[in-house]
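To start, the structure itself, in structure tokens.
Worth saying up front: this structure is predicted, and the values here are computed from it rather than measured.
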Amino acid sequence: MKPFTEEVIKIISNIPPGKVMTYGQIAKLAGSPRGARQVVRVLHSMSKAYQLPWHRVINAKGEISIQDDTLARMQIEALEDEGVHVDSSNRVNLIKYRYEPENEVDDVNII
DNA sequence: CACATGACGAGGG
DNA sequence: ACCCTCGCCATGT
């Protein structure tokens, strides 16, 4: 498994219920600041193989970004079940629900 | 190696 | 706030 892919999987797995992260946010933490679209690739290939909470990943505007209607509805339902409100424009309040991990590094050595 | 793909993002009109 | 265009880059073929 490529390091980037591995990091993305790890990060998404760590998003707590009731919170969301954006593609760009995840890409940056995974070491590719402009690699939002690579996160998409990982989701396409891995969300079934692994049991990732893929529904907690949305775009930078706070919208449900998925194109497929059936999948989009599944995502909205999953979020609502966790208490994340999705409005009539398929958007969530990022100010309220965005997850910002304190540290993604396992060993933090602060001098 | 060249080229296409993609559930994106920033910026301008 | 909406719409469009362009840049992005790890992977797959």
Side-chain angles (χ1 to χ4, degrees):
Chain A
M1 180 97 63
K2 298 294 184 188
F4 176 80
T5 304
E6 197 172 347
E7 275 303 303
V8 170
I9 289 172
K10 187 188 303 179
I11 292 166
I12 294 178
S13 300
N14 283 328
I15 307 175
K19 288 290 181 180
V20 298
M21 285 184 83
T22 69
Y23 302 93
Q25 227 186 322
I26 293 164
K28 184 177 176 185
L29 288 174
S32 182
R34 291 165 297 285
R37 312 187 74 158
Q38 284 57 254
V39 174
V40 172
R41 287 182 116 292
V42 174
L43 261 52
H44 266 280
S45 56
M46 304 300 191
S47 51
K48 285 168 186 157
Y50 295 72
Q51 307 211 330
L52 290 178
W54 56 271
H55 58 278
R56 299 185 189 133
V57 185
I58 61 182
N59 71 23
K61 305 188 196 80
E63 297 168 322
I64 300 302
S65 192
I66 192 169
Q67 302 301 305
D68 182 86
D69 288 325
T70 305
L71 268 178
R73 289 204 59 79
M74 288 176 57
Q75 178 169 19
I76 294 169
E77 188 175 0
L79 288 173
E80 293 280 7
D81 283 349
E82 297 181 349
V84 177
H85 175 59
V86 182
D87 70 18
S88 54
S89 301
N90 281 9
R91 275 184 281 193
V92 312
N93 186 338
L94 274 180
I95 305 297
K96 187 173 178 182
Y97 298 110
R98 185 199 292 273
Y99 175 53
E100 313 197 55
E102 327 252 316
N103 69 74
E104 278 301 315
V105 190
D106 290 329
D107 290 359
V108 185
N109 277 321
I110 303 174
I111 311 293

Interatomic distance, [X] [atom1] vs [N] [atom2] [rounded to whole Å]:
X	N	atom1	atom2	answer
A:Glu63	B:dG9	CD	C1'	12 Å
A:Gln67	B:dC8	CD	P	7 Å
A:Lys61	B:dC8	NZ	P	8 Å
A:Trp54	B:dC8	CH2	P	13 Å
A:Met21	B:dA7	CE	P	20 Å
A:Asn59	C:dC3	CG	P	14 Å
A:Leu79	B:dA7	CG	P	18 Å
A:Ile15	B:dA7	CD1	C1'	14 Å

Pairs satisfying salt bridge (Lys or Arg N to Asp or Glu O under 4.0 Å), at least one member in residues 53-68 of chain A, at least two apart: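 Output for this query lists A:Arg56-A:Glu82.
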Any side-chain heavy-atom pair of A:Ile58 and A:Ile66 under 4.5 Å: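 A side-chain contact under 4.5 Å is absent here.
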A:Leu94 vs A:Val20 side-chain heavy atoms within contact, under 4.5 Å: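 A side-chain contact under 4.5 Å exists here.
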Annotated protein contacts, base or backbone, on nucleotides 7-13 of chain C with a non-hydrogen cut-off under 4.0 Å, one of B, S, - each: BBBBBS-
side-chain N/O A:Arg56 vs B:dA7 OP1/OP2, d < 4.0 Å: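 For A:Arg56, the contact criterion (side-chain N or O under 4.0 Å from OP1 or OP2 of B:dA7) is not met.
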Pairwise C1' distance, B:dA7 and C:dT13 [rounded to whole Å]: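 One C1' to the other, the span is 22 Å.
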A:Lys96 side chain to A:Val84 backbone, donor-acceptor under 3.5 Å: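 No; judged by distance alone, with no hydrogens or angles, the pair does not exist.
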Donor-acceptor pair, side chain of A:Asn90 and main chain of A:Val86, under 3.5 angstrom: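 Looks like no, no N/O pair under 3.5 Å.
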Residues in side chain to side chain contact (heavy atoms under 4.5 Å, CB included) contact with A:Ala36, at least two apart in sequence or another chain: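 For A:Ala36, the residues satisfying side chain to side chain contact (heavy atoms under 4.5 Å, CB included) (neighbours in sequence not counted) are A:Tyr23.
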